[in-house]
K.L.:
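Mind having a look at this structure? Questions to follow.
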Amino acid sequence: MSVRKLYRNNSCTRWTNYSLDGRPEKITLYTKSGKQIIRRVNFWQSFGNFATANITYKGKKINIFPDTILED
């Protein structure tokens with residue numbers, strides 16, 4: 001899968017991935033009850049050797065690791 005990567009600041013610590021047809025990247029997460037949640041990634045942010053995804057969940061923008069289990 002090919003993606004376009006757009007950096008959102010000069011230090012390259014925030015970026016957004018888009019597919020070649022211009023669609024933003026989506027992430028699949030799970031809640032504690034096992035419900036599957038799909039959200040658009042607003043941007044990725046570097047965190048040491050890791051990266052967190054900024055998503056909107058329950059009306060709030062939050063930074064999470066890709067393997068985070070969300071509250072119901």
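All figures in this text were calculated on a predicted structure; none of them were measured in a lab.
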K.L.:
Going by ring pair (Phe, Tyr, Trp, His ring centres under 6.0 Å), name the residues that satisfy it together with Tyr30, two or more places apart in sequence or in a different chain.
P.N.:
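With sequence neighbours excluded, Tyr30 shows a ring pair (Phe, Tyr, Trp, His ring centres under 6.0 Å) to no residue whatsoever.
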K.L.:
So, using salt bridge (charged side-chain N to carboxylate O under 4.0 Å, His left out) as the criterion, who are the partners of Lys32 when residues are at least two apart?
P.N.:
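So Lys32 forms a salt bridge (charged side-chain N to carboxylate O under 4.0 Å, His left out) with Glu71.
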K.L.:
What's the separation between atom OG1 in Thr16 and atom CH2 in Trp44, rounded to the nearest 0.5 Å?
P.N.:
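Spacing of OG1 (Thr16) from CH2 (Trp44) equals 11.0 Å.
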K.L.:
For Thr13, give me all partners under side chain to side chain contact (heavy atoms under 4.5 Å, CB included), at least two apart in sequence or on another chain.
P.N.:
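Once residues adjacent in sequence are excluded, the partners of Thr13 under the side chain to side chain contact (heavy atoms under 4.5 Å, CB included) criterion are Asn9, Ser11, Ser46.
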K.L.:
Do any pairs count as a salt bridge (charged side-chain N to carboxylate O under 4.0 Å, His left out) and have a residue in residues 5-21, sequence neighbours left out, and if so which ones?
P.N.:
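Applying salt bridge (charged side-chain N to carboxylate O under 4.0 Å, His left out) to every pair that reaches into residues 5-21, excluding sequence neighbours, yields Asp21-Arg23.
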K.L.:
Taking the side chain as C-beta and beyond, is there a heavy-atom pair between Ile55 and Leu29 under 4.5 Å?
P.N.:
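Sidechains of Leu29 and Ile55: in contact.
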K.L.:
Do Ile27 and Phe43 belong together in a cluster built from hydrophobic side chains that touch within less than 4.5 Å?
P.N.:
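Ile27 does not cluster with Phe43.
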K.L.:
Sequence neighbours left out, what pairs pass salt bridge (charged side-chain N to carboxylate O under 4.0 Å, His left out) with at least one residue falling in residues 36-51?
P.N.:
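Output for this query is empty, none listed.
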K.L.:
Among Arg4, Glu25, Lys26, which one satisfies side chain to side chain donor-acceptor pair (under 3.5 Å) with Asn17?
P.N.:
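Result: among Arg4, Glu25, Lys26, Glu25 is the only option passing the side chain to side chain donor-acceptor pair (under 3.5 Å) with Asn17.
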K.L.:
Atom OG1 in Thr31, atom OH in Tyr57: separation rounded to 0.5 Å?
P.N.:
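Going from the OG1 atom of Thr31 to the OH atom of Tyr57 covers 6.0 Å.
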K.L.:
Under 3.5 Å, which donor-acceptor pairs link side chains of residues 60-69 to any protein atom two or more places apart or in another chain?
P.N.:
| residue | atom | partner | partner atom | Å |
| --- | --- | --- | --- | --- |
| Asn63 | OD1 | Asn54 | ND2 | 3.0 |
| Thr68 | OG1 | Phe65 | N | 3.2 |
| Thr68 | OG1 | Phe65 | O | 2.8 |

K.L.:
State which residues pass side chain to side chain donor-acceptor pair (under 3.5 Å) with Thr28; sequence neighbours excluded, sorted by chain then number.
P.N.:
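Here no residue qualifies.
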